[in-house]
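Have a look at the structure below before the remarks.
Below, all heavy atoms of this structure are taken into account, side chains as well, without hydrogens, waters or symmetry copies. Naming convention: chains lettered A, B, ... in sequence-line order (proteins, then strands); numbering from 1 in each chain.
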Protein chains: 2
Amino acid sequence: MYIGQAAARSGVPAKTIRYYESVGLLAEASRTPNGYRDYNEADVETLRFVSRARALGFSVSQVGELLGLYRDRQRASSDVRTIAQSRISDIDRKLAELQGMRATLEKLVHSCHGDERPECPILEDLFAPQQH
Amino acid sequence: MYIGQAAARSGVPAKTIRYYESVGLLAEASRTPNGYRDYNEADVETLRFVSRARALGFSVSQVGELLGLYRDRQRASSDVRTIAQSRISDIDRKLAELQGMRATLEKLVHSCHGDERPECPILEDLFAPQQH
DNA sequence: GTAAACTCTCTCGTTACTAGAGGGTCAAGC
DNA sequence: GCTTGACCCTCTAGTAACGAGAGAGTTTAC
């Protein structure tokens with residue numbers, strides 16, 4: 001099948017498929033005589049794997065690692081588990097950061113009347129912040 | 001003062017200050033006779049404002065808006081409040097997304113023994129995902 | 001037969017910087 | 001007078017992960 005159909009069936013845009021190939025995440029696709037990329041069922045499944053792993057926030061290079069682990073079935077499950085756990089740690093750090101930001105913003109918003117008057121403590125706070 | 005001192009006092013790296021100027025977030029700095037950028041106290045305070053707003057996750061262009069609101073004291077506080085609230089909404093969306101990712105990863109990690117055996121349900125799950 | 005739809009490669013734009021090249025300026029020390 | 005080091009300058013390129021668009025060839029449908 002051509003790239004358009006592979007895109008439709010995997011949910012990965014054609015542009016993105018070419019990009020993944022260009023950066024080495026996917027092997028170079030075989031070509032039909034006219035030079036169009038040619039895909040099969042297994043390729044579509046690989047694309048779905050990539051798509052789902054990306055949706056879980058794995059970077060493209062991490063997805064490359066996961067694909068490698070999948071292809072080499074001799075590898076221990078602990079390798080996969082380790083990658084997944086470090087991703088969880090990344091997420092936890094990001095969550096804490098966002099929650100801190102949110103708390104500060106919430107405090108600022110509550111201290112601001114939000115009416116037609118120009119005074120708003122948000123800006124003053126940003127200019128003269130307490131340490132945090 | 002030169003850019004190095006302004007950087008030290010504001011916490012914004014010199015390269016970043018030049019970058020902010022180049023994208024129009026900051027006005028072009030005045031220059032000493034030798035061509036060096038020249039900063040004063042007010043500039044340092046502006047840099048601190050920018051730094052703090054960036055740390056709260058406002059984009060550079062949003063920081064530009066906030067600076068504009070600060071300079072034009074006639075503007076209503078509701079403008080500032082609206083920007084801050086939309087930033088909170090952004091954060092809430094991101095939090096929900098990360099929490100969803102985290103839950104899925106947690107489930108996968110729990111289903112994986114993490115030992116020397118090659119079987120790990122994480123990869124199988126990524127290949128044959130249930131809808132979510 | 002032709003027009004739409006699809007494919008190709010290539011380059012640029014995005015965000016918010018950071019790193020580095022190549023070069024000018026300035027003060028201190030010998 | 002000269003060098004050394006710490007500054008400063010501009011400009012370019014690289015980062016992550018694509019998306020948009022140009023310009024051109026191919027296939028498909030009517």
Look at the side chain of Tyr36(A) and decide which nucleotide, out of dC17(C), dC6(C), dT18(C), has an atom nearest to it. dC6(C)
Contact between Val63(A) and Tyr20(A) at the side-chain level, heavy atoms closer than 4.5 Å - yes or no? no
How long is the line joining NZ of Lys15(A) and P of dC12(C), in whole Å? 14 Å
List the residues meeting salt bridge (charged side-chain N to carboxylate O under 4.0 Å, His left out) with Glu106(A), not counting sequence neighbours, and say none if there are none. Arg102(A)
In residues 16-26 of chain A, which residues come under 4.0 Å of DNA chain D by heavy atom? Thr16(A), Tyr19(A), Tyr20(A)
Any side-chain heavy-atom pair of Ile91(A) and Leu105(B) under 4.5 Å: yes
Can you tell if the side chain of Asp38(B) reaches within under 4.5 Å of the side chain of Arg31(B), non-hydrogen atoms only? no
Can you name the residues that form a side chain to side chain contact (heavy atoms under 4.5 Å, CB included) with Glu28(A), not counting sequence neighbours? Glu21(A)
From Leu66(B) atom CG to Arg87(B) atom CZ, the distance as rounded to the nearest 0.5 Å: 11.5 Å
By side-chain hydrogen bond (donor to acceptor under 3.5 Å, both in side chains) - contacts of Arg93(A) (at least two apart): Asp90(A)
Would you say that Leu25(B) contacts Tyr19(B) through its side chain, given a criterion of any heavy-atom pair below 4.5 Å between the two side chains? no
Distance in Å, Leu26(A) CG paired with Arg18(A) CZ, rounded so as to fall on 0.5 Å steps: 13.0 Å
For the helix from dG1(C)-dC30(D) to dC30(C)-dG1(D), figure out the bend between the end axes, five pairs an end, and round to 10 degrees. 30°
What is the distance from CZ of Phe58(B) to P of dA16(C), rounded to the nearest Å? 13 Å
Just so I know, are the side chains of Met1(B) and Val44(B) near enough to count as touching, which here means a heavy-atom distance under 4.5 Å? yes
Reading DNA chain D in the 5' to 3' direction, which nucleotide is the first one with an atom under 4.0 Å from a heavy atom of chain B, and which is the last? dC7(D) to dT10(D)
Quick check: on DNA chain C, is the nucleotide nearest Val60(B) upstream (toward 5') of the one nearest Pro33(B), or the reverse? Name the residue that is more 5'. Val60(B)
